[in-house]
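Whatever order the structure lists ligands and atoms in, that order sets their numbers, starting from 1.
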Amino acid sequence: MTTLQSIRKLGFRRWYERLLIEAHAWLVTCFLALVLAVALFETHNDAVALIQRISLLTGAGFSVIGAWFAYRRYFLSLQRAEIFGEGASCPRCAAYGKLQVESIRQDAAGDVIQVAACCRKCGHQWRIGE
Ligand SMILES: [Zn+2]
């Protein structure tokens with residue numbers, strides 16, 4: 001399902017709510033990956049065999065990379081949520097989240113960068129994002 005279909009199906013408020021939940025799920029994933037990295041690094045010591053030490057350190061390294069990726073996704077999702085949350089009020093009548101999405105512009109990765117919106121209360125049209 002595309003973002004436009006998702007917004008039209010759920011409505012802007014629920015789509016926005018899910019965007020925030022997704023962002024915080026990435027934050028939790030980042031935290032868990034860091035805990036895993038520390039646990040694997042703590043398990044690594046001189047008492048275990050060399051091959052085991054290498055695999056523990058490799059696992060810790062991949063966990064750190066995973067934590068960085070999760071943090072990036074968290075940060076970008078939260079940044080996007082902030083932009084759309086601020087722009088969800090109608091400039092004419094100030095109705096929050098009572099909008100109909102006319103069209104969406106996405107970047108190459110499929111992330112929403114701009115939404116053309118129409119107020120369901122007064123019919124005013126405006127753009128959210130960039
Ligand atoms: Zn309005």
Side-chain angles (χ1 to χ4, degrees):
M1 183 182 296
T2 66
T3 306
L4 181 59
Q5 290 171 328
S6 176
I7 291 175
R8 284 186 174 154
K9 181 181 174 196
L10 299 170
F12 181 79
R13 285 184 182 199
R14 293 188 71 199
W15 174 80
Y16 178 71
E17 186 180 281
R18 288 187 181 194
L19 184 63
L20 287 176
I21 291 170
E22 178 190 316
H24 287 86
W26 280 114
L27 180 64
V28 169
T29 303
C30 173
F31 178 73
L32 292 176
L34 285 177
V35 168
L36 178 64
V38 170
L40 289 174
F41 191 76
E42 286 290 318
T43 307
H44 158 266
N45 60 36
D46 292 337
V48 294
L50 179 65
I51 190 74
Q52 212 172 2
R53 290 171 60 188
I54 291 172
S55 61
L56 287 170
L57 289 176
T58 304
F62 278 115
S63 296
V64 168
I65 291 169
W68 172 248
F69 175 77
Y71 179 76
R72 284 276 303 152
R73 291 296 307 183
Y74 163 72
F75 184 76
L76 292 174
S77 295
L78 210 58
Q79 195 175 35
R80 200 161 45 128
E82 187 179 329
I83 290 168
F84 290 111
E86 288 175 355
S89 293
C90 174
R92 184 185 292 165
C93 71
Y96 178 76
K98 294 189 184 298
L99 57 92
Q100 183 176 338
V101 175
E102 300 292 319
S103 66
I104 290 178
R105 219 176 83 213
Q106 296 177 303
D107 63 9
D111 289 332
V112 178
I113 52 176
Q114 192 177 60
V115 172
C118 178
C119 180
R120 285 189 288 164
K121 196 173 171 185
C122 71
H124 181 70
Q125 293 184 338
W126 77 100
R127 295 190 181 282
I128 302 170
E130 292 184 350

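- Side-chain contact check for Ile65 versus Phe69: every heavy-atom pair is 4.5 Å or farther apart.
- Only protein N, O or S atoms were scored, and 4 of them lie under 2.8 Å from the Zn ion (ligand 1).
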Residues Leu78, Leu20; criterion side-chain contact (heavy atoms from CB on, under 4.5 Å); working and verdict: CA-CA 7 Å; Leu78 210 58; Leu20 287 176; 4.1 Å; yes

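- Pairs engaging residues 21-40 under the side chain to side chain donor-acceptor pair (under 3.5 Å) rule: none recorded [sequence neighbours left out].
- Pro91 is listed as a side-chain neighbour of His124, based on a closest heavy-atom distance under 4.5 Å.
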side-chain contact (heavy atoms from CB on, under 4.5 Å) between Leu56 and Phe41, worked out: CA-CA 7 Å; Leu56 287 170; Phe41 191 76; over 6 Å; no

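- Annotation: side chain of Tyr96 is in contact with side chain of Arg13 (closest heavy-atom distance under 4.5 Å).
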